[in-house]
Amino acid sequence: MKTTQIHSPWADALLTALAPIIWGTTYIVTTELLPPDRPLTAALLRVLPAGLLLVLWCRRLPAAGFWGRLLLLSALNIAVFQALLFVAAYRLPGGLAAVVGAIQPLLVMALVWSVDQQQPVRLAVWASVAGVLGMAALLLSPDAVWSPAGIVAALAGAAYMAAGTFLARRWRPELPVLAFTGWQLLLGGLMLAPLAWVIDPPLPTLSPANIAGYAYLAVFGALVSYALWFRGVARLSPVAVSSLGLLSPLTAVLVGWALLDQSMRGLSLVGLVVVLGSVLVVQRAMAVPQRPPQPAPHSSVPAAAKA
């Protein structure tokens with residue numbers, strides 16, 4: 001029993017890590033298989049069918065009092081985040097957008113500190129800072145274009161996803177993980193639908209490659225990956241989960257190097273190692289049980305009542 005408890009955080013982290021690894025393949029699928037210049041349509045077709053399938057499969061309704069929170073989580077984790085993600089992707093080089101988004105673990109730590117009054121683990125803070133620096137070494141180029149609108153979108157996207165990850169852990173509903181995932185994907189997709197209708201051009205006649213690309217994004221990029229992600233949110237600390245998001249741009253770089261013959265310089269290799277080390281150190285730091293805050297010397301509340 002003791003051994004299971006020691007190793008379960010790492011098993012949960014490995015399963016959760018599959019989600020950002022899958023998300024890291026989105027870039028190559030989008031550029032190689034999907035029709036161009038339809039970012040919101042791609043986001044919509046990724047999340048809405050997956051959400052509908054999960055909701056129909058699980059057939060579980062949220063509690064009556066949870067709908068407001070569920071709508072907010074769907075906006076933060078799916079609709080707003082996806083929209084800002086594609087705005088940043090179209091206005092910034094992918095490397096710069098990923099570096100800005102790498103601050104998400106630090107934002108989650110700030111939320112945990114300010115809302116839960118839980119001081120962040122110092123080792124996790126420094127490891128997260130190292131992850132941002134490693135991502136910069138891995139992805140930034142000297143001729144990167146700093147679009148103010150793109151920077152704002154990337155920062156806002158990281159902030160919304162950080163808030164969604166934190167609140168999804170804080171507001172754990174009485175729903176199975178698959179049902180919780182399905183409702184967020186479905187509601188987030190319904191929020192994206194009018195934006196995609198108004199902003200994106202109509203879809204052309206889809207080729208077999210286009211259909212395969214959209215099917216991959218829906219099944220693996222949404223249904224499987226978000227189910228693993230929210231499972232991790234329920235089992236791991238928000239800081240540990242958000243640090244795993246660094247694996248998404250890391251995977252995109254490795255896939256581009258392996259399949260598109262994109263070069264990796266010596267500094268890029270150093271950045272890759274630093275990012276991987278950052279993720280591992282954060283997981284180790286957050287897997288150590290935190291000591292609960294001690295009661296004040298003259299407090300009349302028993303310690304057991306605070307557990």
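Along the sequence shown, the residues carry numbers beginning at 1. Below, all heavy atoms of this structure are taken into account, side chains as well, without hydrogens, waters or symmetry copies.
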Identify the heavy atoms of [X] and [Y] that sit nearest to each other, and give their distance.
X    : Y    : value
G213 : L33  : CA-CD1, 3.9 Å
R231 : V177 : N-CG1, 3.7 Å
A79  : G188 : CB-O, 3.6 Å
S128 : M109 : OG-CE, 3.0 Å
V282 : A240 : CG1-CA, 4.3 Å

Does a salt bridge link R38 with D200, judged by any charged N lying under 4.0 Å from a carboxylate O?
no

Cluster question for you: counting only ILVMFWY and a side-chain heavy-atom cut-off of under 4.5 Å, with indirect links fine, are W57 and F230 together?
no

Shared ILVMFWY cluster between V270 and W126, side chains joined below 4.5 angstrom?
no

For the side chain of [X] and the backbone of [Y], is there at least one donor-acceptor N/O pair under 3.5 Å apart?
X    : Y    : answer
W23  : G221 : yes
T165 : S242 : no
R172 : R169 : yes

For the residue pair V279 and L244, establish whether any side-chain heavy-atom pair is separated by less than 4.5 Å.
yes

Greater than 12 external heavy atoms within 6.0 Å of [X]'s [atom1]:
X    : atom1 : answer
W171 : CH2   : yes
W67  : CH2   : yes
F220 : CZ    : no

The single option from L247, V233, L236, L228 passing side chain to side chain contact (heavy atoms under 4.5 Å, CB included) against T16:
L236

Residues which pass side chain to side chain contact (heavy atoms under 4.5 Å, CB included) with P49, listed by chain and number, not counting sequence neighbours
none

Rounded distance (nearest 0.5 Å) linking atom OG of S278 with atom CD of Q283:
9.5 Å

Just do the side chain to side chain donor-acceptor pair (under 3.5 Å) check on R46 and T26 with the steps written out, would you?
CA-CA 10 Å; R46 172 161 63 175; T26 299; 3.3 Å; yes

Classify the ring geometry of F66 against F180: parallel below 30°, tilted from 30° to 60°, perpendicular beyond 60°.
tilted

Is the distance between the ring centroids of F81 and Y160 under 6.0 Å?
no

